[in-house]
Amino acid sequence: MSEKLRVGILGATGMVGQRFISLLENHPWFEVTTLAASPRSAGKTYEEAIGGRWKMDTPMPEAVKKIIVKNVNEVENVAAEVDFVFSAVDMSKEEIKAIEEAYAKTETPVVSNNSAHRWTPDVPMVVPEINPQHFDVIEFQKKRLGTTRGFVAVKPNCSIQSYAPVLTAWKEFEPYEVVATTYQAISGAGKTFKDWPEMVGNIIPYIGGEEEKSEMEPLRIWGEIKDGVIVPATSPVITCQCIRVPVLNGHTAAVFVKFRKKPTKEQLIEKLVNFKGLPQELELPSAPKQFIQYLEEDNRPQVSMDVNYENGMGVSVGRLREDKVYDWKFIGLSHNTVRGAAGGAVLCAETLKAKGYIQAK
């Protein structure tokens, strides 16, 4: 590609905004040209606005250090300089809905990491390997918004990435009842151990809103478009508990599944390792070559060894075994701020570009 698309990041100073910036460094299709954040950061260089709050393992890319941060609320001003935006703003749900639609109405596509629009009926919520066909609902959304190229698309919650792809790979065996407990990293709350010392040597058995998202969002991903909206699936029934654990990056899930058709262990593993989607077929820049890996060792997957599988874009599964109450149980692991947040949104944007929804203005 000769000309890279110009990208803006809304909420650029937060942890997910920082992750977007680090993932987009040297991206073959996209170039970060505009950074926007709250009024208190506006007018400063990005380096000044961040100060000592850079939370990534890799250094701040030189290309963004001197960019003057814009006020995210000055929608027309920001939109004029970009082809599309990633949204990671820290506002109330209603404020996020309003500002993302305001950007869309300037004919600027919005690919959001936020939860605000995940249940807006004509907004696609997509894991590109699972339900890229949901992007078709954008045409109905554009009619509602009165736009020709502006729209909002979202990626789902980080907590479901370690088990929803697995259940999708096993769809033909008809999973109908699922129990999942997720052990979630502190970066999911935008924290490091430095600014959350009470998490050291501790677990907290509550993450606000997370259990509802973990139970319901997979059903929306498995749903279908009817009459211009996405209608969620009704099965499988999922019940979930979400626990915050003293891990920096990586959400682990312990999952129990009942199937209507009784698969063998060999069949289940074969479906996992051969599971592919549109990103793999198109060889998109951020797509993992192998989406799901299966690890035979009894003590895998482990965060310290497996969280960065496929640059954090793959899912690791292990400990698949028969269960006395359910049919099968397994452990899944995914990187919550790469696949589960910014990386998942980047892959959505790549898919949208490949499908013709995002183009240069």
Side-chain angles (χ1 to χ4, degrees), residues 5 7-8 10-11 16 72 75-76 78-79 82-89 91-158 160-161 164 168 209 212-235 238 277-279 340-342 344-359 361:
L5 295 177
V7 178
L10 314 180
V16 175
V72 73
V75 176
E76 297 279 350
V78 175
V82 298
D83 296 312
F84 76 100
V85 296
F86 289 112
S87 175
V89 290
M91 299 174 173
S92 73
K93 198 160 274 198
E94 291 311 311
E95 288 170 327
I96 292 170
K97 278 186 179 176
I99 201 165
E100 289 182 349
E101 287 201 356
Y103 274 93
K105 286 175 180 173
T106 67
E107 302 295 358
T108 305
V110 178
V111 181
S112 180
N113 182 71
N114 296 306
S115 65
H117 271 299
R118 286 186 196 149
W119 289 91
T120 303
D122 59 8
V123 170
M125 179 174 74
V126 172
V127 176
E129 285 89 350
I130 297 176
N131 62 325
Q133 71 278 9
H134 282 193
F135 287 137
D136 295 348
V137 83
I138 286 169
E139 296 308 326
F140 298 95
Q141 184 194 147
K142 286 178 182 171
K143 286 186 186 135
R144 174 173 64 85
L145 296 176
T147 60
T148 56
R149 70 188 297 283
F151 62 86
V152 179
V154 300
K155 52 142 287 297
N157 200 44
C158 53
I160 73 169
Q161 312 282 338
T168 306
E212 295 84 350
K213 294 174 189 173
S214 302
E215 292 170 353
M216 299 307 298
E217 288 187 16
L219 297 172
R220 190 168 196 259
I221 289 170
W222 295 322
E224 55 185 302
I225 299 171
K226 288 181 185 169
D227 301 323
V229 299
I230 293 162
V231 178
T234 54
S235 177
I238 301 172
L278 188 63
V346 171
L347 190 59
C348 281
E350 292 170 0
T351 309
L352 285 161
K353 185 204 166 298
K355 289 170 80 72
Y357 287 102
I358 294 178
Q359 301 168 348
K361 280 184 179 171

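Bear in mind the structure is a predicted one, so any value in this text is a computation, not a measurement.
- Across Ser87 and Glu100, no two heavy atoms sit closer than the pair OG-OE2, 2.7 Å.
- Within the 3.5 Å criterion, the main-chain N or O of Asn157 finds a donor-acceptor partner in the side chain of Glu217.
- Scanning both residues, Val89 and Asn114, for their nearest heavy atoms gives O-OD1, 3.2 Å.
- For Leu352 against Ala153, the heavy-atom pair with the smallest separation is CD1-CB, 4.1 Å.
- Side-chain contact between Phe140 and Asp227: absent, with no pair of heavy atoms (C-beta onward) separated by less than 4.5 Å.
- Atom CD1 in Ile358 sits 7.5 Å away from atom CG in Leu5 (nearest 0.5 Å).
- Closest of all the heavy-atom pairs between Gln141 and Pro124 is NE2-CD, 3.8 Å.
- Side-chain contact between Val72 and Met91 is present, with at least one heavy-atom pair separated by less than 4.5 Å.
- Contact of the Pro218 side chain with the Ile238 side chain is registered, since non-hydrogen atoms from C-beta on lie closer than 4.5 Å.
- In this structure a side-chain-to-backbone donor-acceptor pair under 3.5 Å is present from Glu107 to Thr148.
- Annotation: side-chain contact (heavy atoms from CB on, under 4.5 Å) contacts of Met216 (sequence neighbours excluded): Trp119, Leu219.
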Show, in sequence, the C-alpha distance, side-chain angles and deciding distance for His117 and Ser112, and conclude whether the side chain to side chain contact (heavy atoms under 4.5 Å, CB included) test is met. CA-CA 8 Å; His117 271 299; Ser112 180; over 6 Å; no

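- What you find for Ala341 and Asn113 is that their closest heavy atoms are CA-OD1, 3.0 Å.
- Taking OH of Tyr357 as the start and CD1 of Ile138 as the end, the distance is 5.5 Å to the nearest 0.5 Å.
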Tell me, with the steps shown, if Val78 and Tyr103 meet side chain to side chain contact (heavy atoms under 4.5 Å, CB included). CA-CA 9 Å; Val78 175; Tyr103 274 93; 3.4 Å; yes

Under the side chain to side chain contact (heavy atoms under 4.5 Å, CB included) rule, what do Ile160 and Ile221 come out as? Steps first, then yes or no, please. CA-CA 11 Å; Ile160 73 169; Ile221 289 170; 3.5 Å; yes

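- Note that SG of Cys348 is 15.5 Å distant from NZ of Lys353, once rounded to the nearest 0.5 Å.
- Without hydrogens or angle criteria, Lys361 side chain to Ala79 main chain gives a donor-acceptor distance under 3.5 Å.
- The CH2 atom of Trp222 sits 8.5 Å away from the OG atom of Ser235 when rounded to the nearest 0.5 Å.
- Counting only heavy atoms from C-beta outward, the side chains of Asp83 and Gln359 never approach each other to under 4.5 Å.
- Here the side chains of Gln133 and Ile225 are not in contact, with every heavy-atom distance at 4.5 Å or above.
- To the nearest 0.5 angstrom, Ile230 atom CD1 is 4.0 Å from Arg220 atom CZ.
- No side-chain heavy atom of Val152 sits under 4.5 Å from any side-chain heavy atom of Thr120.
- Smallest separation of non-hydrogen atoms from Leu145 and Ala104: CD1-CB, 3.9 Å.
- Remark: Phe84 CZ to Arg149 CZ distance equals 10.0 Å, nearest 0.5 Å.
- Between Glu139 and Lys142, at least one side-chain nitrogen of the basic residue sits less than 4.0 Å from a carboxylate oxygen of the acidic one, meeting the salt-bridge criterion.
- A side-chain contact (heavy atoms from CB on, under 4.5 Å) with Thr351 holds for exactly one of Val111, Leu278, Val126; it is Leu278.
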